[in-house]
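Notes for the one structure printed next.
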Amino acid sequence: YPGSGNVNLFVQRVLPNEPADIAIVLLGTNNTVYGTTPSDYRANLQFIVSTLLYAGTGRVILLTPPPMPENGYIDFFRQGTPQTTALLVAYRDQVLDICNMVQHVDCIDIYDIMAANESLYFYDGMLHPNDAGHAFIHQQIMTRVVPEPSSFVLLTSGLFGLYFLDRRRNNVRTNDH
């Protein structure tokens with residue numbers, strides 16, 4: 001995590017498996033422990049995004065980092081301190097800015113909703129999301145990755161309609177000759 005730790009992990013673990021249709025990236029909470037500056041965070045994230053896209057990834061989805069619960073008991077992680085919160089908000093802003101500037105990059109902002117519902121989405125006194133928090137993050141990702149059933153039904157119906165219309169036109173032309 002210090003410095004370019006995220007980049008090193010990315011190069012070692014993710015890059016050999018490229019290209020992917022979709023890559024989902026969530027970084028940030030652990031970076032606050034080591035005091036990664038927002039500009040270093042942005043540089044690392046831009047490197048990861050540009051490398052993924054250059055390697056042929058069709059789409060990158062960036063998630064803003066979740067908040068750190070205020071009632072955390074692990075002093076090492078400085079949970080809930082103004083410094084930590086300020087860093088996470090700055091990281092979130094960097095993610096949103098990159099999403100607005102780069103094509104084929106979508107953004108899911110989970111910070112505000114999770115911050116407003118800490119007792120629902122985090123284990124009491126812990127850094128990581130609980131089952132409900134993970135389910136919330138999963139739901140947010142799935143709404144971006146999988147089309148809504150109604151949209152899928154409409155698309156499928158439209159394609160079938162075009163197919164049968166084309167067949168009907170071809171049958172009319174065949175019967176006319």
Side-chain angles (χ1 to χ4, degrees), residues 1-10 13-14 20-50 52-53 57-151:
Y1 299 104
S4 61
N6 288 325
V7 174
N8 292 335
L9 286 173
F10 167 73
R13 296 181 184 170
V14 177
D21 294 330
I22 299 172
I24 300 169
V25 180
L26 168 58
L27 302 172
T29 306
N30 291 328
N31 295 84
T32 63
V33 174
Y34 300 101
T36 303
T37 66
S39 60
D40 285 345
Y41 175 85
R42 181 187 185 95
N44 289 341
L45 194 56
Q46 283 179 310
F47 172 81
I48 290 169
V49 168
S50 62
L52 285 167
L53 293 173
T57 300
R59 186 170 157 211
V60 176
I61 298 175
L62 298 180
L63 281 86
T64 60
M68 246 188 229
E70 290 184 19
N71 63 347
Y73 69 88
I74 304 170
D75 289 336
F76 177 72
F77 287 108
R78 299 187 319 269
Q79 290 177 276
T81 67
Q83 177 188 7
T84 301
T85 300
L87 275 175
L88 286 170
V89 169
Y91 295 167
R92 178 192 64 190
D93 293 344
Q94 296 300 326
V95 170
L96 296 173
D97 192 45
I98 290 170
C99 290
N100 288 327
M101 294 178 57
V102 181
Q103 285 186 322
H104 307 291
V105 177
D106 292 324
C107 192
I108 301 173
D109 188 353
I110 60 174
Y111 186 91
D112 288 332
I113 293 172
M114 292 187 82
N117 297 287
E118 282 182 5
S119 62
L120 175 64
Y121 292 134
F122 291 93
Y123 290 111
D124 189 35
M126 297 300 286
L127 167 69
H128 295 102
N130 60 20
D131 292 343
H134 285 289
F136 169 75
I137 294 169
H138 175 261
Q139 174 194 24
Q140 297 304 305
I141 293 169
M142 293 309 291
T143 59
R144 297 294 177 96
V145 174
V146 179
E148 250 182 80
S150 60
S151 299

Work out which heavy atom in [X] is nearest to a heavy atom in [Y]; give both atom names and the distance.
X: Val25; Y: Leu45; value: CG1-CD1, 3.9 Å
X: Thr85; Y: Tyr111; value: CG2-OH, 3.5 Å
X: Thr57; Y: Asp21; value: CG2-O, 4.2 Å

Those residues at least two apart in sequence (or on a different chain) that pass ring pair (Phe, Tyr, Trp, His ring centres under 6.0 Å) with Phe136 are Tyr121
Would you give me the side-chain donor-acceptor pairs under 3.5 Å for residues 99-106, sequence neighbours excluded?
| from | atom 1 | to | atom 2 | distance (Å) |
| --- | --- | --- | --- | --- |
| Asn100 | ND2 | Leu96 | O | 3.2 |
| Asp106 | OD2 | Arg59 | NE | 2.6 |
| Asp106 | OD2 | Arg59 | NH2 | 3.0 |

Using side-chain heavy atoms (C-beta onward) and a distance below 4.5 Å, is [X] in contact with [Y]?
X: Ile108; Y: Ile141; answer: yes
X: Arg42; Y: Asp97; answer: yes
X: Leu27; Y: Asn44; answer: no

> Does the Arg144 side chain pair with the main chain of Cys107, one donor and one acceptor, at a distance under 3.5 Å?
Replying inline: yes
Supply the atom-to-atom distance [X] [atom1] to [Y] [atom2], rounded to the nearest 0.5 angstrom.
X: Gln140; Y: Thr64; atom1: CD; atom2: OG1; answer: 9.5 Å
X: Ile98; Y: Leu62; atom1: CD1; atom2: CG; answer: 6.5 Å
X: Gln139; Y: Ile110; atom1: CD; atom2: CD1; answer: 12.0 Å
X: Phe122; Y: Met114; atom1: CZ; atom2: CE; answer: 4.0 Å
X: Asp131; Y: His138; atom1: CG; atom2: NE2; answer: 13.0 Å

Sorted by chain and number, sequence neighbours left out, side chain to side chain donor-acceptor pair (under 3.5 Å) with Asn117 holds for none
Those residues at least two apart in sequence (or on a different chain) that pass side chain to side chain donor-acceptor pair (under 3.5 Å) with Ser39 are Thr37
Residue set satisfying side chain to side chain contact (heavy atoms under 4.5 Å, CB included) with Leu26, at least two apart, ordered chain then number -> Leu63, Pro66
Residues at least two apart in sequence or cross-chain that pass side chain to side chain contact (heavy atoms under 4.5 Å, CB included) with Ser50, listed by chain then number, are none
The salt bridge (Lys or Arg N to Asp or Glu O under 4.0 Å) partners of Asp93 (sequence neighbours excluded) come to none
**Study point:** Worked check of side-chain contact (heavy atoms from CB on, under 4.5 Å) between Tyr91 and Thr36
**Key:** CA-CA 10 Å; Tyr91 295 167; Thr36 303; 3.4 Å; yes
